Amino acid sequence: MSASYAGAVPADLAAVTSGIDGTELVASIGWSLNGFAQSDPSLQAVLDNHLSFIGKAVLKDLTTRCIWDAMATYSYQRTNGWTKNLESASAMIAAEPRLRAFIEQQRIGTQKPAGIVRVATGVNDNLVQHAQARQLALDWCQRGGNVVYAPISGINGPSPFLNHVDSLLKDQGTAITWLTDRLKGTPEVSNCATVSQLP
């Protein structure tokens with residue numbers, strides 16, 4: 001039996017970019033922009049047209065930083081400090097058709113998953129936002145996927161990072177048990193019929 005677990009999925013990168021900006025994980029936007037240009041070198045010119053000297057320096061610096069180092073250095077910065085026109089990364093993406101098209105190509109949920117998949121998302125996760133992760137479950141269900149959608153309740157505090165991690169920790173045991181059961185061949189039933197009624 002083919003089975004997958006997907007937790008706090010960044011299915012819609014445009015939405016996640018907006019949510020992460022100004023949080024503890026704002027550096028992830030820099031890593032993403034670097035990755036976009038690495039995957040499609042023609043996007044480098046697009047980024048160079050928008051990024052200021054500071055923004056280019058930040059992206060270069062992030063090529064050598066791990067997550068904890070980046071959090072210590074860049075937490076709570078906003079990406080409008082990285083651009084020439086003081087526009088956010090989200091505004092930059094919205095203004096550039098090539099960036100929008102590239103990000104849309106990365107959207108998760110456009111194809112039916114091969115096997116059963118458990119989609120878990122923290123209902124108070126405002127870092128990798130709950131709404132776009134829930135939409136992934138709906139998209140897969142609408143394509144005939146075998147989906148088990150699991151909304152996880154968690155803290156709703158001032159720290160997006162803690163809201164995000166709290167859901168992960170609360171679901172960890174359940175997720176491991178679920179995957180173990182699938183490996184044992186224990187069948188599981190999709191809850192696609194009720195996803196739209198769940199938080």
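Owing to the predicted nature of the structure, the values given are computational and were not obtained by experimental measurement.
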Trainee: Rounded to the nearest 0.5 Å, how far does CD1 of Ile67 lie from CG of Leu62?
Mentor: 11.5 Å
Trainee: Would you confirm whether Thr17, through its side chain, and Ser90, through its main-chain N or O, come within 3.5 Å as a donor-acceptor pair?
Mentor: no
Trainee: May I ask you to say whether Asp171 pairs ionically with Arg118, meaning some side-chain N is under 4.0 Å from a carboxylate O?
Mentor: yes
Trainee: Once you round to the nearest 0.5 Å, how far does CD of Gln172 lie from OG1 of Thr177?
Mentor: 10.5 Å
Trainee: Tell me whether Ile54 at atom CD1 has more than 12 heavy atoms from other residues, nucleotides or ligands lying less than 6.0 Å away.
Mentor: no
Trainee: Do side-chain atoms of Asn191 reach the backbone of Tyr149 as a donor and acceptor pair under 3.5 angstrom?
Mentor: yes
Trainee: Short question: side chain of Asp21, backbone of Thr79 - any donor-acceptor pair under 3.5 Å?
Mentor: yes
Trainee: For Phe102, enumerate each residue passing the ring pair (Phe, Tyr, Trp, His ring centres under 6.0 Å) test, keeping only those at least two apart in sequence or located in another chain.
Mentor: Phe36
Trainee: Spell out, yes or no, whether Leu51 and Val58 are grouped together once hydrophobic residues are joined by side-chain heavy atoms under 4.5 Å, including indirect joins.
Mentor: yes
Trainee: Got a donor-acceptor contact below 3.5 angstrom from the Asp125 side chain to the Leu127 backbone?
Mentor: yes
Trainee: Ignoring hydrogens and angles, write down the donor-acceptor pairs under 3.5 Å from the side chains of residues 41-49, residues two or more places apart or on other chains.
Mentor:
unit_1 : atom_1 : unit_2 : atom_2 : d
Ser42  : OG     : Asp40  : OD1    : 2.6
Ser42  : OG     : Asp40  : OD2    : 3.4
Ser42  : OG     : Arg98  : NH2    : 2.9
Gln44  : NE2    : Asp48  : OD1    : 3.0

Trainee: In this structure, are over 12 heavy atoms from other groups packed under 6.0 Å from Lys56 atom NZ?
Mentor: yes
Trainee: Using only atom types and a distance under 3.5 Å, with no angle test, would you say the side chain of Gln129 pairs donor to acceptor with the backbone of Asn126?
Mentor: no
Trainee: Identify whether Phe53 and Met92 are in the same connected component of the hydrophobic contact network (ILVMFWY, side-chain heavy atoms under 4.5 Å).
Mentor: no
Trainee: Can you name the one residue among Arg134, Arg100, Arg107 that meets salt bridge (Lys or Arg N to Asp or Glu O under 4.0 Å) with Asp12?
Mentor: Arg107
Trainee: Tell me if a side-chain donor or acceptor on Glu24 pairs with a main-chain N or O of Ser75 at a distance below 3.5 Å.
Mentor: no
Trainee: Looking at Gln142, I'd like to know if its CD atom is crowded, meaning that more than 12 non-hydrogen atoms belonging to other residues, nucleotides or ligands lie closer than 6.0 Å.
Mentor: yes
Trainee: Would you say the side-chain atoms of Ser190 pair up with the backbone N or O of Val147, donor to acceptor, closer than 3.5 Å?
Mentor: yes
Trainee: Determine yes or no for a side-chain-to-main-chain donor-acceptor pair under 3.5 angstrom, with Thr194 supplying the side chain and Gln197 the backbone.
Mentor: no
Trainee: Between Asn124 (side chain) and Gly154 (backbone), is there a donor-acceptor pair under 3.5 Å?
Mentor: yes
Trainee: Can Trp140 be reached from Leu13 by stepping across I, L, V, M, F, W or Y side chains whose heavy atoms are under 4.5 Å apart?
Mentor: no
Trainee: Would you say Leu198 ends up clustered with Val148 if hydrophobic residues are merged whenever their side chains have heavy atoms under 4.5 Å apart, either directly or through other cluster members?
Mentor: no
Trainee: Identify whether Ile93 and Leu25 are in the same connected component of the hydrophobic contact network (ILVMFWY, side-chain heavy atoms under 4.5 Å).
Mentor: yes
Trainee: Taking disulfide (SG to SG under 2.5 Å) as the cut-off, I'd like each qualifying pair that reaches into residues 139-199, sequence neighbours left out, listed once.
Mentor: Cys141-Cys192
